[in-house]
Amino acid sequence: MKYYFAPGTCSIGVRVVLEEIGKPYEAVKVDFANRAQYAAPYVEKNPKSKVPLLERDDGATLTEFAAINMWLALSNPDKRLIPADPDGHARMIEAMDYAVGTMHMQGWQRFWRPGNFVANEAEHAAVKARGLEILAKGFDIMDKTLRGKEWLVGDYSLADSALFYVTWWTTRNSKLELPANVKAHYAGMNARPAVQRALKGEGF
Ligand SMILES: N[C@@H](CCC(=O)N[C@@H](CS)C(=O)NCC(=O)O)C(=O)O
């Protein structure tokens with residue numbers, strides 16, 4: 001199994017899951033500094049030019065954070081990374097999709113790539129500010145979901161790895177104050193040996 005990543009990106013949330021599972025995998029760095037994601041051979045594996053990408057032992061490739069992590073968790077049911085009951089399963093997807101689809105793709109994307117939202121450079125500062133607003137609202141919602149709980153759903157799930165990477169970015173790249181339950185969740189994630197191995201594996 002090969003895991004394609006770029007340090008400092010959302011792929012860390014897949015590496016956390018790979019480390020939770022604990023089976024051997026090969027980590028392949030995609031050299032974003034030289035725009036390797038847009039050139040052969042990477043673009044032949046992933047025409048989306050994004051990480052994460054998982055190349056399975058049968059040669060098939062999987063893209064998209066949620067799809068990769070669902071496949072990993074469903075292939076390793078003994079690790080219990082997906083709640084077994086229908087409500088827990090749905091709540092896990094609800095939280096994971098919100099972290100990836102809204103906090104990352106709507107919040108952080110506006111901040112990092114304002115040009116993808118508006119061409120006029122004079123408007124970029126406003127787009128970035130809106131990105132941070134979306135992010136702050138996202139943390140507020142996650143904070144309420146975490147009230148009285150250590151993990152987003154049940155006894156730890158894939159959703160926690162998604163919240164982890166958007167929180168990690170926020171602590172590293174912004175002055176946004178995290179609400180208390182999100183702070184505690186981030187501390188809990190950092191205490192997990194799998195998270196420590198994932199970070200170390202990518203040079204952090
Ligand atoms: N929706 C995708 C998002 C993946 C994504 O945005 N990856 C970023 C890094 S966090 C990337 O590879 N960007 C490279 C580029 O846009 O050039 C997913 O869930 O996997």
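The model shown is predicted, which means the values in this text are computed figures rather than measured ones. Whatever order the structure lists them in is the order used to number ligands and atoms, beginning at 1. Note that the numbering runs from 1 along the sequence shown for the chain.
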* Numbered atoms of ligand 1 (with element) below 4.0 Å of P52, judged on heavy atoms -> 20 (O)
* Which residue supplies the protein heavy atom nearest to atom 19 (O) of ligand 1, what is that atom called, and how far is it? -> F65 N, 3.1 Å
* Do R110 and W112 meet the cation-pi criteria used here (NZ or CZ under 6.0 Å from the six-membered ring centre, within 45° of the axis)? -> no
* Structure fact -> for atom 10 (S) of ligand 1, nearest protein heavy atom and its distance come out as C10 SG, 2.9 Å
* **Y165 and F65 aromatic ring geometry - parallel, tilted or perpendicular at 30°/60° bounds** => tilted
* Structure fact -> ring pair (Phe, Tyr, Trp, His ring centres under 6.0 Å) test vs W168 passes for just one of W108, Y186, F204, namely F204
* To do: Check for a donor-acceptor pair, side chain of D58 on one end and backbone N or O of A60 on the other, with a separation under 3.5 Å.
  => yes
* Structure fact -> With heavy atoms and a 4.0 Å threshold, my read on which part of R35 contacts ligand 1 is neither
* Output the list of atoms in ligand 1 that are nearer than 4.0 Å to some heavy atom of Q37, sorted by atom number. => 14 (C), 15 (C), 17 (O)
* Give the contacting part of W169 toward ligand 1: side chain, backbone, both or neither, where contact means a heavy-atom distance below 4.0 Å. => side chain
* Structure fact -> Heavy-atom proximity to atom 6 (O) of ligand 1, picking from M96, H104, R113, points to H104
* Short question: side chain of S161, backbone of S157 - any donor-acceptor pair under 3.5 Å? -> no
* Looking only at protein heavy atoms, which one is nearest to atom 3 (C) of ligand 1, and how far off is it? -> M105 SD, 3.9 Å
* Between Y4 and E55, do the side chains contain an N or O donor and an N or O acceptor separated by less than 3.5 Å? -> yes
* Does NZ or CZ of R192 lie under 6.0 Å from the centre of the six-membered ring of Y156, at an angle within 45° of the ring axis? -> yes
* To do: Kindly indicate whether a cation-pi arrangement holds for R15 with F5, taking the cut-offs as under 6.0 Å to the six-membered ring centre and within 45° of the axis.
  => yes
* Asked: Do K50 and ligand 1 have an N or O pair less than 3.5 Å apart?
  -> yes
* Structure fact -> Residue, atom and distance of the protein heavy atom nearest atom 7 (N) of ligand 1 read V51 O, 2.8 Å
* Structure fact -> Sequence neighbours excluded, the answer for side chain to side chain donor-acceptor pair (under 3.5 Å) partners of T9 is S11
* **For ligand 1, the portion of S49 having any non-hydrogen atom under 4.0 Å away** => backbone
* Asked: Which of the atoms in ligand 1, numbered in the order shown and given with their element, are less than 4.0 Å from a heavy-atom of V100?
  -> 19 (O)
* Compute the shortest N/O to N/O distance between E64 and ligand 1 and return yes if it is under 3.5 Å, no if not. => yes
* Asked: Of the choices N69, I12, T9, which has the non-hydrogen atom that lies closest to atom 9 (C) of ligand 1?
  -> T9
* Structure fact -> the protein heavy atom lying closest to atom 17 (O) of ligand 1 turns out to be Y38 OH, 2.5 Å
* To do: Tell me, with the steps shown, if K48 and T63 meet side-chain hydrogen bond (donor to acceptor under 3.5 Å, both in side chains).
  => CA-CA 9 Å; K48 295 176 181 171; T63 62; 2.8 Å; yes
* Asked: Do any nitrogen or oxygen atoms of F32 lie less than 3.5 angstrom from nitrogen or oxygen atoms of ligand 1?
  -> no
